[in-house]
Each structure stands twice: as structure tokens, then as C-alpha cells.
> 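Sharing a structure below in C-alpha cells format, with a few things to ask.
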Amino acid sequence: MSLHSHFDRRAMFLASLKGKSPEARVDAFANEVLETGGVWTTPPGDYDPDSRALFEIHLHGITATGWTESSAISTWVAMAHAKAAAACPRCGGRGVIHWHPHWDNGHEPCPDCTCADQKAAG
């Protein structure tokens, strides 16, 4: 079983964004880009804030663009949720299947995701 099946950095990062203010989200994205080798392209420093400028985020295999930082972040988050939901029909991209309430940690790794990871690795 691969380590990826137990630890998906994209899923952990996506979960960490819940409830954060827009300013905190920008900081979180900046840190994640630096830590993982992603790319955050911003307009040149002398662009007019009242005009349109394209922001791009390439992070965890997802590319998103927007006219502002917040719209690029919102687009990235929406694309990450869609990619996670499409990743596995059994667990919805979470990587675990819950059979008890969350408070007793009743879950196991998703066998479909585990099998897919083993096929990709082998």
C-alpha cells in the first residue's frame, strides 16, 4: 500500500481552507505553493488594479485562473472539489470509508483508491 493512499496533501490542504478569511486563504496558498513547488503567477507590479489582470495558480496538479487573487483561489478550490469527487465513486475522493460516526475514528482506507494507487505504482 502506498503512502499516497493514507496522505493526500491536496485533500489535507483543501480541508484546511474551510472557514478561513480571504486574507488567510491567500497566505495559505502562498505557503502551499512555496512548500510544494507550485506556481502562482501574478501580474507585473505596476499593473493598474482597476484594470483586468490574470492570476494563475498551478498547485497539486490543478491549474486555475482568475481576474483577482480571490477569484483564482475560488476557481482552484472548486476544481479541487470536483476532481476529488470524481476521483473515486466509493469514497468521493476522501480516501477513507466511514462506517461509524467520526468521533470514534471508525474508518478504513478505501479499497478502490488503494487498488488504483497500487496499479499506478506497479
Side-chain angles (χ1 to χ4, degrees):
M1 182 181 320
S2 71
L3 178 63
H4 185 269
S5 65
H6 290 293
F7 178 74
D8 181 3
R9 182 146 184 165
R10 179 181 46 204
M12 298 294 287
F13 176 64
L14 194 56
S16 75
L17 294 174
K18 287 186 180 181
K20 286 190 176 184
S21 68
E23 296 83 15
R25 278 182 163 207
V26 170
D27 289 343
F29 267 86
N31 288 334
E32 191 73 8
V33 164
L34 288 173
E35 291 175 6
T36 63
V39 177
W40 184 324
T41 306
T42 60
D46 60 348
Y47 83 97
D48 180 11
D50 294 328
S51 66
R52 288 189 165 182
L54 189 63
F55 290 81
E56 293 182 48
I57 300 171
H58 305 277
L59 185 61
H60 299 301
I62 298 173
T63 301
T65 60
W67 295 117
T68 63
E69 284 180 332
S70 61
S71 67
I73 288 172
S74 296
T75 302
W76 188 93
V77 169
M79 292 174 74
H81 279 296
K83 191 169 187 173
C88 178
R90 182 179 284 190
C91 69
R94 291 182 304 275
V96 295
I97 300 171
H98 295 277
W99 67 82
H100 292 293
H102 296 282
W103 63 81
D104 72 351
N105 203 20
H107 65 273
E108 66 181 10
C110 177
D112 292 343
C113 293
T114 303
C115 292
D117 287 338
Q118 288 175 348
K119 288 176 189 173

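Owing to the predicted nature of the structure, the values given are computational and were not obtained by experimental measurement.
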> If you look at every heavy atom in Phe29 and Val77, which pair is closest and at what distance?
CZ-CG2, 4.2 Å
> Any idea which heavy atoms bring Ala30 and Trp40 closest together, and the distance?
N-CZ3, 3.5 Å
> Look up atom CG in Leu17 and atom NE2 in His81, then write down how far apart they are to the nearest 0.5 Å.
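If I round to the nearest 0.5 Å, the distance is 8.0 Å.
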> Could you report the tightest heavy-atom contact between Lys83 and Gly61, atom names first, then the distance?
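Here Lys83 and Gly61 meet closest at NZ-O, 3.5 Å.
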> My understanding is that only one of Val39, Val33, Thr65 makes a side-chain contact (heavy atoms from CB on, under 4.5 Å) with His58; could you say which?
Val39
> Just verifying a value: how many Å separate Leu54 CG and Trp67 CH2, rounded to the nearest 0.5 Å?
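Interatomic distance, Leu54 CG to Trp67 CH2, rounded to 0.5 Å: 5.5 Å.
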> Here's a test for you: under side-chain contact (heavy atoms from CB on, under 4.5 Å), which of Arg10, Met12, His60 qualifies with Glu32?
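When side-chain contact (heavy atoms from CB on, under 4.5 Å) is applied between Glu32 and each of Arg10, Met12, His60, only His60 qualifies.
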> Looking at OG1 of Thr75 and CD1 of Ile62, how far apart are the two atoms once the value is rounded to the nearest 0.5 Å?
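Between Thr75 OG1 and Ile62 CD1, I get 11.5 Å after rounding to 0.5 Å.
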> Of all residues at least two apart in sequence or in a different chain, which pass the side chain to side chain contact (heavy atoms under 4.5 Å, CB included) check with Thr68?
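For Thr68 the side chain to side chain contact (heavy atoms under 4.5 Å, CB included) partners, ignoring immediate neighbours, are Ser70, Ser71.
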> Over all heavy atoms of both residues, which pair between Ala72 and Ala64 is shortest? Give the atoms and the distance, please.
O-CB, 3.8 Å
> Could you grab the distance from atom CZ of Phe13 to atom OG1 of Thr36, nearest 0.5 Å is fine?
8.5 Å
